[in-house]
Amino acid sequence: MSKTLFDKVWDSHVVQHIENGPDVLFIDRHLVHEVTSPVAFLGLKNRGIKVLYPERTFATADHNTPTRNQHLPVKDKLSANQLRALEENSKAHNIPYWGLGHKKNGIVHVIGPENGITVPGATIVCGDSHTSTHGAFGAIAFGIGTSEVEMVLSTQCIMQPKPKRMRINVDGALSKAVTPKDVALFIISQLTTSGATGYFVEYAGEVFRNMSMEGRMTVCNLSIEMGARGGMIAPDEKTFDYIKGREYTPKGQDWDTAMEYWKTLYSDDDAVFDKELSFNASDIEPMITYGTNPGMGMGIQKYIPLAEAVEGGVATYKKSLEYMDFNEGEAMIGKPIDFVFLGSCTNGRIEDFRAFASIIKGKKKADHVTAWLVPGSHQVEAAIREEGILDILQEAGFELREPGCSACLAMNDDKIPAGKYAVSTSNRNFEGRQGPGARTLLASPLVAAAAAVTGKVTDPRELMEEAFA
Amino acid sequence: MPIENVDTDQIIPARFLKATERKGFGDNLFRDWRYNSDDTPKEHFVLNNPIYSGQILVGGKNFGSGSSREHAAWAVYDYGFRCVVSSFFADIFRNNCLNIGVLPVQVSPEFLDKIFTAIEADPKAELEVNLPEQKITILATGESESFDINGYKKQNMLNGFDDIDYLLNIKNDIEQFAGNTPL
């Protein structure tokens with residue numbers, strides 16, 4: 001019988017199917033961080049059991065860590081306590097722990113692929129909704145709650161009904177300055193934040209085939225923002241080239257065996273999806289959000305839609321614009337901004353820093369803009385130095401921080417003050433997400449860079465033309 | 001709470017996720033909608049209006065979107081709610097609720113409107129949720145609707161079992177499966 005990519009991977013991991021209930025799904029690799037794990041470890045302690053497969057479990061500290069002076073003790077007592085708990089739990093259960101200062105430390109969804117923990121055909125979970133990132137490699141990867149973290153620690157399984165299957169095709173050529181982030185924000189703006197709820201998405205078509213692994217990670221990362229359980233892309237030569245030789249990927253004979261399997265991971269020609277959508281790449285512009293959920297995005301040259309023109313409740317829409325202090329019908333171009341955040345599991349990889357640097361090179365940061373540039377990991381940080389990007393940033397008046405989730409969720413000190421506007425390369429523009437009262441405009445690293453040097457919402461294409469003029 | 005797309009950052013903002021034990025989250029449920037920055041209550045927010053009470057939280061479409069933080073479900077539970085009603089739930093929030101003993105009840109958009117209309121007419125209007133019969137009723141009007149829940153989760157909720165009890169019981173099968181699954 002013909003199968004989708006998703007079916008092939010899911011079905012091969014079902015330990016047991018329960019009638020009128022969930023599947024028992026075996027999890028190959030489990031990523032753990034400090035915020036959603038302590039209560040799960042406490043659960044194991046209360047049951048008097050140990051982690052079943054520590055060798056399938058990896059721990060890092062990222063959500064609740066400072067992005068400056070990481071060599072010093074963490075000042076915030078609650079944060080320090082949470083970090084200590086993960087370190088102790090990792091030790092007690094024999095789990096590799098890449099804490100602050102460790103050379104492999106970084107955002108969990110950046111270091112997974114970097115170290116070859118992420119491989120095609122695997123099932124990967126983490127107590128974090130952006131686990132969908134790893135789907136870029138043809139893995140089934142999704143976020144889970146703490147009760148499920150406890151399940152995976154204790155039994156390496158979770159119990160969930162199989163999601164429905166959706167395929168999103170984007171064909172054609174992307175226009176200038178249109179990045180993977182824009183492709184994702186465009187799709188979410190078309191589907192809304194609940195348009196893919198209940199589905200696991202496969203991204204297919206020319207645009208994703210031509211996309212780098214970093215770009216595919218950005219797209220899969222944002223799957224959850226349209227409600228999807230996760231998103232995935234069939235592995236190809238680009239995928240295999242990326243993972244070959246990384247620490248946790250198979251070696252020698254094991255690699256050849258794995259490759260034989262990985263090459264079968266694609267949706268069969270006549271495979272059936274529960275829903276299938278197609279978009280033209282040429283319809284996608286550089287995007288920006290104007291509201292308080294990631295579905296409230298539009299081409300940067302467009303005008304904020306009128307309440308009557310949007311789906312859903314008018315009251316909810318107006319509440320959202322009121323929070324942003326924007327009006328229906330206004331342009332986004334030219335709006336003054338206060339902060340720029342480059343980083344997160346969405347856009348904290350080397351390609352994102354390259355893109356940012358391409359715009360700001362030879363220019364200066366606008367005086368009134370505070371910019372937080374936070375690499376996704378120490379490996380990204382090292383590449384920024386090696387490629388000379390750090391020099392470009394510093395010459396333009398920017399500083400580089402140390403790795404972590406930072407202002408994406410503002411658990412640490414990196415909080416945007418109330419009422420201020422931030423152009424952010426992260427994934428959520430919810431009320432207060434980047435700090436109580438903070439106002440977030442989600443965009444690509446190119447749009448963030450253009451805002452950082454002009455101090456206002458600016459179409460990056462204008463600055464690129466300057467560069468080529 | 002007739003607001004759509006209530007996300008988990010509203011239910012419990014990230015700065016309250018620093019605990020290492022599951023307690024006290026109810027105090028910060030809807031923190032930034034409930035309190036001003038100086039910690040005084042916002043008068044107009046529904047949880048601050050003593051006329052509303054009970055164990056059932058009724059929210060607009062796409063309730064619980066965003067982050068996977070189970071802390072959101074814990075906060076709902078710890079505040080005293082045992083049931084959340086909406087016309088649509090985000091996946092992870094729904095799972096988290098089912099795993100900790102909060103029943104997510106998905107009703108039709110029309111029925112949700114009827115509930116909000118009944119509450120608007122009388123803030124003390126009562127709702128009854130019957131899990132064995134999978135039925136939700138607006139007592140004032142007698143209107144009711146049935147809701148779905150998978151049979152396995154329903155039995156777990158009624159009997160107070162959890163998934164780990166189930167999984168530990170089939171540990172041999174899991175270990176055999178793992179043996180055939182390379183790292």
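Per chain, numbering begins at 1; letters A, B, ... match sequence-line order.
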Asker: Picking from A:Ile224, A:Asn293, A:Thr193, which has the most non-hydrogen pairs under 4.5 angstrom with chain B?
Answerer: A:Thr193
Asker: Cationic tip of B:Arg22 within the cone over B:Tyr77's six-membered ring, i.e. under 6.0 Å and within 45° of the normal?
Answerer: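 B:Arg22 over B:Tyr77 ring: yes.
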Asker: Answer yes or no: is there a donor N or O on one side and an acceptor on the other, between the side chain of B:Glu43 and the main chain of B:Asn48, under 3.5 Å?
Answerer: no
Asker: Go through the atoms of A:Phe41 and report whether side chain, backbone, both or neither lie under 4.5 Å from a heavy atom of chain B.
Answerer: neither
Asker: So for B:Lys61, is it side chain, backbone, both, or neither that comes closer than 4.5 Å to the heavy atoms of chain A?
Answerer: side chain
Asker: Using the six-membered ring wherever Trp is involved, compare the ring planes of B:Phe177 and A:His13 and label them parallel, tilted or perpendicular (cut-offs 30° and 60°).
Answerer: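 Geometry flag for A:His13 against B:Phe177: tilted rings.
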Asker: Which atoms of B:Asp165 are under 4.5 Å from chain A, going by heavy atoms: the side chain, the backbone, both sets, or neither?
Answerer: both
Asker: If we define contacts as heavy-atom pairs under 4.5 Å, which of B:Leu98, B:Asn150, B:Leu167 has the most with chain A?
Answerer: B:Leu167
Asker: For chain B, which candidate among A:Gln156, A:Gln82, A:Lys415 shows the most heavy-atom pairs at distances under 4.5 Å?
Answerer: A:Gln82
Asker: Mind ranking A:Asp76, A:Asn427, A:Ile49, A:Val149 by heavy-atom pairs under 4.5 Å with chain B and telling me who comes out on top?
Answerer: A:Asp76
Asker: Taking B:Asn95, B:Thr20, B:Asn96 one by one, which has the highest count of heavy-atom pairs under 4.5 Å against chain A?
Answerer: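 Between B:Asn95, B:Thr20, B:Asn96, the count favours B:Thr20.
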Asker: Based on non-hydrogen pairs under 4.5 Å, which of B:Ala73, B:Ala19, B:Gly60, B:Pro2 is most in contact with chain A?
Answerer: B:Ala19
Asker: Counting only N and O atoms by type, is there a donor-acceptor contact under 3.5 Å from the side chain of B:Ser87 to the main-chain atoms of B:Pro109?
Answerer: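 No.
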Asker: Could you check which of A:Gln16, A:Glu19, A:Arg47 has the highest count of heavy-atom pairs closer than 4.5 Å to chain B?
Answerer: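 Sorted descending by pairs with chain B, the first entry is A:Arg47.
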Asker: With a 4.5 angstrom heavy-atom cut-off, is it the side chain or the backbone of B:Gln10 that approaches chain A, or both, or neither?
Answerer: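 Contact with chain A is through the side chain of B:Gln10 alone.
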Asker: Yes or no on ring pair (Phe, Tyr, Trp, His ring centres under 6.0 Å) for B:Tyr166 and B:Tyr152, after CA distance, side-chain angles and deciding distance?
Answerer: CA-CA 11 Å; B:Tyr166 186 94; B:Tyr152 165 84; 5.6 Å; yes
Asker: Is it the case that the side chain of A:Gln434 and the backbone of A:Ala407 share a donor-acceptor pair, with hydrogens and angles ignored and the cut-off at 3.5 Å?
Answerer: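 Flag set: sc A:Gln434 to bb A:Ala407 pair under 3.5 Å.
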Asker: Are B:Phe63 and B:Phe93 close enough that their ring centers fall under 6.0 Å?
Answerer: yes
Asker: Side chain, backbone, both or neither: which part of A:Val24 has a heavy atom under 4.5 Å from chain B?
Answerer: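 For A:Val24, side-chain heavy atoms alone lie under 4.5 Å from chain B.
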Asker: Side chains of A:Asp62 and A:His109 only: does a donor on one sit below 3.5 Å from an acceptor on the other?
Answerer: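 No, no side-chain donor-acceptor contact under 3.5 Å.
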Asker: So, A:Ser320 side chain and A:Thr316 main chain: donor-acceptor pair closer than 3.5 Å or not?
Answerer: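 Not a single qualifying donor-acceptor pair exists.
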Asker: Test your reading of the model: is there a side-chain donor-acceptor pair from A:Asp23 to the backbone of A:His17, 3.5 Å cut-off?
Answerer: no
Asker: Please determine, among B:Ala14, B:Ser37, B:Ser65, the option with the most heavy-atom pairs under 4.5 Å with chain A.
Answerer: B:Ala14
Asker: Considering only heavy atoms and a distance below 4.5 Å, find which of B:Ala72, B:Ser67, B:Ala90 pairs most often with chain A.
Answerer: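 Of the options given, most contacts go to B:Ser67.
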Asker: Among A:Leu78, A:Thr155, A:Thr192, who wins on heavy-atom pairs under 4.5 Å with chain B?
Answerer: A:Thr155
Asker: Taking side chain as everything from C-beta outward and backbone as N, CA, C, O, which of these in B:Gln155 sits under 4.5 Å from a heavy atom of chain A? Side chain, backbone, both or neither.
Answerer: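 B:Gln155 has no heavy atom closer than 4.5 Å to chain A.
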Asker: At a 4.5 Å cut-off on heavy atoms, which part of B:Asn62 comes close to chain A: side chain, backbone, both, or neither?
Answerer: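 It is the side chain, since no backbone atom gets that close.
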Asker: Counting heavy-atom pairs closer than 4.5 Å to chain A, which one of B:Asp162, B:Asp173, B:Asp32, B:Ile100 comes out on top?
Answerer: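 Top count of heavy-atom pairs under 4.5 Å with chain A: B:Asp162.
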Asker: Let's test your reading of the structure: which of A:Cys157, A:Gly227, A:Ser37, A:Ala85 forms the most heavy-atom pairs below 4.5 Å with chain B?
Answerer: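 The option with the most such pairs is A:Cys157.
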Asker: Please confirm whether the backbone N or O of A:Ala61 pairs with a side-chain atom of A:Thr65, one donor and one acceptor, at under 3.5 Å?
Answerer: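 Side chain of A:Thr65 to backbone of A:Ala61: no pair is present.
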